[in-house]
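When a ligand or atom number is given, it counts from 1 through the structure's own listing order.
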Amino acid sequence: MTPDLTRSSAADLAGALSRKDVSAVEATQAHLDRIAAVDGDVHAFLHVDTEGALAAARDVDRRRAAGEELSPLAGVPIAVKDIAVTKGVPTTCGSRTLEGWIPPYDATVVARLRAAGLPILGKTNMDEFAMGSSTEHSAFGPTHNPWDLERIPGGSGGGSSAAVASFQAPLAIGTDTGGSIRQPAAVTGTVGTKPTYGGVSRYGLVALASSLDQAGPCSRSVLDAALLHAVIAGHDVMDSTSIDAPVPPVVEAARRADVRGLRVGVVKELGGEGYQPGVRTRFEESVQLLVDAGAEVVEVSCPHFDYALAAYYLIMPSEASSNLARFDAMRYGLRVGPDGVGSPSAEQVMAASRDAGFGDEVKRRIILGTYALSSGYYDAYYGQAQKVRTLIARDFAAAFEQADVLVSPTAPTTAFRIGEKLDDPMAMYLNDIATIPANLAGIPGMSLPSGLADEDGLPAGIQLLAPATKDERLYGVGAALEAALEQRWGGRLLDRAPELDGSAASATEARA
Ligand code: GLN
């Protein structure tokens with residue numbers, strides 16, 4: 001019997017591919033079959049590019065047969081969040097505004113995937129313009145958490161994490177402005193890294209908040225995330241904020257998986273009240289496992305983190321409101337005429353199109369951001385938030401004097417039910433309370449599964465944070481902790497998730 005290729009790690013699959021035990025076409029087809037079988041239940045994908053993926057796989061097989069030197073992940077299929085533009089493949093950003101748009105170019109991240117020979121399976125679902133923590137703000141319907149289809153997969157990149165968690169793709173690309181890689185990873189039992197700001201090019205990613213956005217890897221293991229990180233990272237002349245320095249040695253660190261002598265700082269302000277007991281228990285256990293593996297634990301205090309959420313919800317909407325001004329119905333995207341107006345002006349078309357094309361959350365943030373930037377309020381809101389941002393960066397700098405990495409729970413709770421927080425923006429925003437500080441300071445962060453919470457049996461996540469450009473520390477600590485946790489849980493957590501069979505999809509069809 002042939003092993004199920006979709007259960008394999010990216011690293012193992014890459015090994016099988018390089019030994020020619022399996023072809024890239026077989027590996028890609030196995031994942032396309034899995035998507036066809038289960039994505040009706042999960043709805044991780046907005047678009048599946050069967051032809052494009054198989055063509056890329058055939059090309060890898062041909063080059064391998066010709067004896068060409070290939071990238072370590074050549075032939076390993078991947079899913080890409082629908083925020084990254086893909087030449088010739090629809091890109092919607094989860095919005096009606098971009099429905100039907102076919103980009104004429106590739107984002108740098110996508111170009112690097114293609115150059116490294118990773119067949120792109122398709123584009124994953126997300127909250128509209130990456131605004132949200134549950135993927136419920138997608139204009140195309142929510143993604144379901146593979147652990148419990150009635151629950152959210154996190155957001156905004158719930159599609160990428162759910163695709164990886166449900167074995168539809170071994171790897172995926174996400175983006176993280178305030179937590180959208182790490183929080184979905186936490187609630188789906190997967191791994192996700194937000195690299196140092198500028199570590200991965202933003203060229204061709206539809207911009208949410210340019211000073212916060214960062215693309216990164218989603219995977220089922222720390223080593224897999226490192227392998228993908230190495231493919232997508234590095235300087236890009238097309239992004240003036242990309243770091244012009246060698247990529248941190250993330251793969252080497254993940255393979256070494258060593259924490260001996262390392263100082264791990266537990267952030268006092270991220271935990272405790274408001275965090276679900278089961279999430280806290282798994283976090284404390286993980287910290288103990290790090291101690292057992294030879295790390296030294298200290299408590300650190302970052303007093304200004306209490307203002308991080310407030311500062312973020314001024315800075316992010318401010319930047320979003322100006323970034324989203326490009327959707328003016330003139331250059332690309334949806335265009336509708338206002339009702340009952342004979343020959344409408346450009347402004348009337350613009351207003352009607354933006355009204356029809358944007359969902360409530362997007363409108364809320366554009367209004368909030370425009371207000372915060374308006375001349376009378378700029379100093380009181382936006383200017384003040386920027387000062388808080390500096391204080392948060394200083395808190396991190398002080399904490400990293402005492403510790404090599406910092407740790408906290410990734411999200412305060414496990415996956416909540418679909419619909420539970422949809423009408424309560426504040427409750428939704430609070431999901432990112434622990435992830436936002438890293439974006440404000442530009443430092444790298446990772447979430448990995450810490451176990452299943454006792455009260456609901458759902459995955460919880462632990463967050464690791466490192467100083468800017470020291471991304472390798474996340475991988476060294478992450479891989480060591482992952483190994484200890486696998487011993488504790490008797491194997492990979494994701495293998496305990498319920499089997500999907502597409503029956504939820506047939507139930508929906510039967511109802512329709
Ligand atoms: N949930 C946060 C927000 O809605 C973070 C989003 C993100 O990281 N893209 O802003």
Polar side chain donor-acceptor pair, Ser211 to Arg389, under 3.5 angstrom: yes
Under 4.0 Å to a heavy atom of Met316 - the qualifying atoms of ligand 1, by number: 10 (O)
Ligand 1 versus Met428: contacting region, heavy-atom distance under 4.0 Å: neither
Ring pair (Phe, Tyr, Trp, His ring centres under 6.0 Å) assessment of Tyr475 paired with His229: CA-CA 10 Å; Tyr475 290 96; His229 190 136; 5.4 Å; yes
Element-labelled atoms of ligand 1 that are located less than 4.0 Å from some non-hydrogen atom of Gly178: 5 (C), 7 (C), 8 (O)
Parallel, tilted or perpendicular: rings of Phe400 and Phe396 (30°, 60°): parallel
Distance from atom 7 (C) of ligand 1 to nearest protein heavy atom, with residue and atom: Ser180 OG, 2.3 Å
Ligand-residue contact atoms, ligand 1 with Asp176, heavy atoms, under 4.0 Å: 8 (O)
Contact atoms of ligand 1, heavy-atom distance to Met131 under 4.0 Å: 4 (O)
From Thr175 atom OG1 to Gln214 atom CD, the distance as rounded to the nearest 0.5 Å: 9.5 Å
Test item: side-chain donor near acceptor, Ser201 and Asp236, under 3.5 Å: yes
Taking atom 2 (C) of ligand 1 as the reference point, the nearest protein heavy atom with its distance: Asp432 OD2, 3.1 Å
Shortest protein contact, atom 5 (C) of ligand 1 (heavy atom only): Tyr312 OH, 3.3 Å
Test of proximity, Leu208 against ligand 1: N or O pairs below 3.5 Å: no
Distance-only side-chain donor-acceptor flag, Asp432 / Gln183, under 3.5 Å: no
Side chain, backbone, both or neither: Tyr313 near ligand 1, heavy atoms under 4.0 Å: side chain
Close N or O approach (Lys81, ligand 1; < 3.5 Å): no
Side chain, backbone, both or neither: the part of Arg365 lying under 4.0 Å from ligand 1 by heavy atom: side chain
Salt bridge present between Asp328 and Arg354 (N-O < 4.0 angstrom): no
is_close_aromatic(Tyr307, Tyr312), centroid dist under 6.0 Å: no
Atoms in ligand 1 flagged as close to Ser156, the criterion being non-hydrogen separation under 4.0 Å: 9 (N)
Enumerated ligand 1 atoms positioned under 4.0 Å from heavy atoms of Gly132: 1 (N), 2 (C), 3 (C), 4 (O), 6 (C)
Ring-face cation contact, Phe416 with Lys421, 6.0 Å cut, 45° max: yes
Under-4.0 Å heavy-atom contact with ligand 1, by part of Ala130 that carries it: both
Distance-only polar pair, side chains of Ser180 and Ser156, donor-acceptor under 3.5 Å: yes
